[in-house]
Peer 1: 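My questions all concern the structure below.
Both counts, for ligands and for their atoms, begin at 1 and track the order of listing.
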Amino acid sequence: MSHTPFRIAKVNTDAIAGNVKRLYEITGVDDVLIVVKANAYGHGMVPAAKAALAGGATWLGTADIAEALTLRDAGITAPVLCWIHAPDETFDEAVENDITLGAVSVAQLNAIASAGHRAHTTPRVHLKLDTGLSRNGASPEQWADFMRTAAELHASGDLDVEGVMSHLSNTSDADDLEQLKVFTVGLSELKDAGLEPKYVHLAASLAALTLPETRFNMVRSGIAAYGIAPTEELRPEQFGLTPAMTLETRVVAVRRVPENTGVSYGYLHRTAGENTLALIPLGYGDGINRDASMNGPVLLNGETYPVAGRIAMDQFLLNVGDDPVAVGDHVVLFGDPALGQPSVHDWAAAANSIAYEIVTRLIGTRLEYEYVGNA
Ligand SMILES: *Cc1c(COP(=O)(O)O)cnc(C)c1O
């Protein structure tokens, strides 16, 4: 069977590798952990992970154990940390596959130690402290018990407590620095409990790029590695980061229509005169956010046009007016603005969302991934 791909997410692995290098230059840390959860924010987990390692990443991170196991199945042997676990997780497969586990409670520490006994190995854990985000780290009132248990299991050789981490809210620099203070208290309590883990990490992309105090000896970066800024107020080029993904397709139909022709479901758009419509075969079935209807910028033959009317499941239209367009013409939804292409941040603005969501929501069941680059 063969077919011609036409809904294409083109991912430049050299851009990912280059962005990892930039993260080392900017942060000066010993270890950059690249987060490849959620299919590497829509970029394809295994190729993105390999590109990150080629760029010098010493760690990979995922949310779930299943994601980490996919990396192992692909032959990736680098350290992998993951931090969201099922309530009844046994940790057996994770421990057998040498996956480093974020731990948030005494119960998790004990469960991980038990998995280590069953596998005759010493599992590696990073203690996850909540310092204000109110998500799943151990909260300060739990620290005494949590740290005592961790220290005991470390001393007895049942666990290797090799890291301590927390995660910031990105509310403001002041709020993040407040969390940094709480984290610093946590580190000193941990020291009092007898533990000084090798890896200390707090910053994700935003703090890694903008708050030097939070860097310690490792940062965890996802979005920046893909060449996307961590807030809509920043742009990747400010940090020398290159967008890795180009979302592209080709015009599949062209028609000339009279004035006042309704366009797509709900006729949100009607032609103002005799106009040419170009049919673009991408829709919310591919993860294109329907909130960008009437808005999302699309590059076609050197011009940028907003989506005309609603984005449907499989397609949407552009109204190119009287401009020339032909079936087969190349179309870019987002890519590298340095090449004159709309950016993922432009789509975030058009959809009233954030760039993280625009790329991570891409659905790969019919979208085809094409990897370019040597990394
Ligand atoms: C997703 C995640 C990151 C990466 O965040 P970015 O903003 O994409 O760099 C880091 N740490 C944790 C705990 C996360 O869940």
Peer 1: Heavy-atom distance under 4.5 Å between the side chains of Thr365 and Asp286, does that happen here?
Peer 2: no

Peer 1: Show every side-chain hydrogen bond (donor to acceptor under 3.5 Å, both in side chains) that has at least one partner inside residues 47-73, sequence neighbours left out.
Peer 2: Asp31-Thr58

Peer 1: Could you list the cluster mates of Leu299? Members are the ILVMFWY residues connected by side-chain heavy atoms closer than 4.5 Å, either directly or through other members.
Peer 2: Val332

Peer 1: List, ordered by chain and residue number, the protein residues whose closest non-hydrogen atom lies under 4.0 Å from any atom of ligand 1.
Peer 2: Val35, Lys37, Tyr41, Trp83, Arg135, His167, Ala204, Ser205, Arg220, Ser221, Gly222, Ile223, Tyr356

Peer 1: Within the supplied structure, the quantity of interest is the number of heavy atoms (other residues, nucleotides, ligands) at a distance under 6.0 Å from Glu93 CD; does it exceed 12?
Peer 2: no

Peer 1: Please collect all side-chain hydrogen bond (donor to acceptor under 3.5 Å, both in side chains) contacts where either partner lies in residues 267-281, sequence neighbours excluded, each pair once.
Peer 2: Arg256-Glu274, Arg256-Thr276, His269-Asn319, Asn275-Asn319

Peer 1: Specify whether His126 and Tyr199 have parallel, tilted or perpendicular ring planes, treating 30° as the upper limit for parallel and 60° as the lower limit for perpendicular.
Peer 2: parallel

